[in-house]
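Proteins come first, then strands; the chains are lettered A, B, ... in the order of their sequence lines, and each starts at number 1.
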Protein chains: 2
Amino acid sequence: MNIGEAAAASGVTAKMIRHYESIGLIQEAGRTGAGYRTYGPKDLATLSFIRRSRDLGFSIAQIRDLLALWQDRSRASADVKRIAGGHIEELTAKMQQLQEMVMTLQHLSSHCHGDDRPDCPILERLATGVGDEDCCEPAAAMKGRS
Amino acid sequence: MNIGEAAAASGVTAKMIRHYESIGLIQEAGRTGAGYRTYGPKDLATLSFIRRSRDLGFSIAQIRDLLALWQDRSRASADVKRIAGGHIEELTAKMQQLQEMVMTLQHLSSHCHGDDRPDCPILERLATGVGDEDCCEPAAAMKGRS
DNA sequence: CCTTGACCTTGACATGATGGGAAGGTGCAT
DNA sequence: ATGCACCTTCCCATCATGTCAAGGTCAAGG
């Protein structure tokens with residue numbers, strides 16, 4: 001199986017397959033006499049594993065660990081669960097950050113006329129930092145930002 | 001005002017101030033005889049504007065537009081609102097992606113023993129793609145991923 | 001046999017926003 | 001005058017991915 005076929009079958013681009021090989025995430029592929037990389041079913045399974053992990057937002061470092069656990073028959077499921085749990089926390093934290101931004105923006109936007117006049121609470125807030133963040137709702141947004 | 005003081009006062013690192021200057025986001029700062037950059041109150045206001053915009057997740061390109069509007073007294077608030085609205089949509093889309101990931105991960109994690117045994121639905125899902133995603137809840141998660 | 005087109009190879013460079021560090025000059029206080 | 005804190009420019013790194021270029025290979029058809 002060529003790299004192109006492996007890419008199509010796994011959903012990982014050829015470019016990324018080479019990249020993953022170069023950083024040691026996957027083993028070096030076999031080669032034909034002409035230097036073409038060759039892939040078997042086991043390689044395909046690994047590539048698909050990686051793609052699904054990426055789809056769930058795992059970093060390459062986390063995938064490295066997950067792959068190691070996957071290939072370790074004496075693994076403890078607790079180790080896998082711990083990685084997943086940490087990842088859930090990261091994702092949740094990011095979501096909360098985004099949520100705060102969205103809340104603030106929606107609040108500011110709702111008070112912007114959105115017409116031809118230059119008056120704009122969004123710009124005022126960006127310029128002065130003292131838009132009316134706490135005037136109407138006791139929103140917890142933007143209270144403890146970094 | 002030195003770059004260090006401007007950085008401390010605005011919350012933008014000296015590194016980033018130089019970077020913003022190099023990409024033309026801000027004007028070139030004045031210089032002392034020795035070549036040190038100097039900043040005045042107006043520069044400080046601009047830097048603070050940029051930092052607040054970044055805190056709200058705006059990209060550099062968006063900030064470029066926001067700055068132009070800010071400095072344009074004949075702006076229409078509709079233009080500002082449109083930028084903010086687009087940004088809200090971007091953020092919301094990202095949040096939904098993260099939400100889907102979290103839902104899937106939590107579902108898988110909840111079925112993982114998390115003990116010494118190697119059995120793990122998380123790894124199974126990553127390996128085969130056919131974990132029990134729709135067995136219990138009709139979760140809309142991971143139905144139309146890219 | 002030769003061409004053509006699709007594929008492969010490596011390598012370099014870009015993204016976006018930021019951090020880190022080196023090598024060398026400046027300002028100020030002791 | 002010595003030292004320390006700050007400034008300058010320039011290069012490299014991150015993370016995951018894409019793009020492009022120059023060249024080699026394979027298979028099919030003329």
Side-chain angles (χ1 to χ4, degrees), chain A residues 1-26 28-39 43 46-67 87 90-91 93-94 97-98 101 145-146, chain B residues 1-26 28-39 43 47 49-67 86-87 90-91 94 97-98 101 145-146:
Chain A
M1 212 170 190
N2 272 344
I3 197 173
E5 296 169 284
S10 67
V12 180
T13 63
K15 193 79 191 179
M16 291 315 296
I17 296 177
R18 293 192 197 100
H19 178 60
Y20 291 153
E21 183 183 312
S22 80
I23 63 174
L25 184 64
I26 57 180
E28 296 200 1
R31 300 281 186 145
T32 69
Y36 283 23
R37 288 174 179 82
T38 57
Y39 298 88
D43 301 308
T46 303
L47 289 171
S48 297
F49 183 101
I50 292 173
R51 191 189 63 78
R52 290 192 200 95
S53 302
R54 294 287 308 133
D55 283 350
L56 287 177
F58 285 104
S59 71
I60 298 294
Q62 287 169 322
I63 295 175
R64 207 181 288 268
D65 295 341
L66 288 171
L67 275 174
H87 185 42
E90 290 169 20
L91 294 179
K94 272 190 203 169
Q97 281 187 358
L98 295 182
M101 293 177 187
R145 64 196 186 286
S146 65
Chain B
M1 211 171 194
N2 271 344
I3 197 172
E5 297 169 284
S10 67
V12 180
T13 64
K15 198 85 187 177
M16 292 313 296
I17 296 177
R18 293 192 197 100
H19 178 60
Y20 292 154
E21 183 183 313
S22 81
I23 63 174
L25 184 65
I26 57 181
E28 296 200 0
R31 300 281 184 142
T32 69
Y36 283 22
R37 288 175 178 80
T38 57
Y39 297 88
D43 302 308
L47 289 171
F49 184 100
I50 292 173
R51 191 190 62 78
R52 290 192 200 96
S53 302
R54 294 285 310 132
D55 283 350
L56 287 178
F58 285 105
S59 70
I60 298 293
Q62 287 170 323
I63 295 174
R64 207 181 288 268
D65 295 343
L66 289 172
L67 275 174
H87 185 43
E90 290 169 20
L91 294 178
K94 270 190 206 171
Q97 281 186 359
L98 295 182
M101 292 177 188
R145 64 197 186 287
S146 63

Which residue lies more 5' along DNA chain D, comparing A/Thr13 with B/Arg31 via nearest heavy atoms:
B/Arg31
Expressed as a whole number of angstroms, how long is the span from A/Arg54:CZ to D/dG18:P?
11 Å
CD on B/Gln62 to CD1 on B/Ile60, rounded to 0.5 Å
10.0 Å
Hey, could you give me the CZ/CD1 distance between B/Arg51 and B/Ile63, rounded to the nearest 0.5 Å?
11.5 Å
Starting at CG of B/Leu25 and ending at P of C/dT18, how long is that distance when rounded to a whole Å?
11 Å
To the nearest angstrom, how far is A/Ile23 atom CD1 from C/dG11 atom P?
16 Å
How many Å lie between CD1 on B/Ile17 and C1' on D/dC6, as a whole number?
14 Å
Given DNA chain C, 5'-ward residue of the pair B/Ala34 and B/Ile60, judged by closest heavy atom:
B/Ile60
To the nearest 0.5 angstrom, please state how far the CZ atom of B/Arg64 sits from the CD1 atom of B/Ile23.
5.0 Å
Using 0.5 Å steps for rounding, measure from the CG atom of B/Leu66 to the OG atom of B/Ser53.
5.5 Å
Let me have the donor-acceptor pairs involving side chains of residues 7-20 of chain A, under 3.5 Å, with sequence neighbours excluded, atom names and distances please.
from	atom 1	to	atom 2	distance (Å)
A/Ser10	OG	A/Ala6	O	2.8
A/Ser10	OG	A/Val12	N	3.2
A/Thr13	OG1	A/Met16	N	3.2

Let's see if you can work this out: which of D/dC26, C/dA17, C/dT10 has an atom nearest to the side-chain heavy atoms of A/Tyr36?
D/dC26
Euclidean distance, atom NZ of residue A/Lys15 to atom P of C/dC8 [Å, nearest integer]:
13 Å
Can you measure B/Asn2 atom CG to D/dT8 atom P for me and round it to whole angstrom units?
7 Å
A/Arg37 CZ to D/dT25 C1', in whole Å, measures 15 Å
Taking any heavy-atom pair under 4.0 Å as a contact, classify B/Tyr20: base, sugar-phosphate, or nothing.
sugar-phosphate
Base-pairing assignment for C/dG25 (Watson-Crick or G-U wobble, both under 3.5 Å)
D/dC6
Heavy atoms under 4.0 Å, any strand shown: does A/Thr32 hit a base, just sugar-phosphate, or nothing?
nothing
Grab the CE-P distance between A/Met16 and C/dT9 for me, whole Å please.
15 Å
Could you tell me whether B/Arg18 contacts a base, only the sugar-phosphate backbone, or nothing, with contacts defined as non-hydrogen atoms closer than 4.0 Å?
base
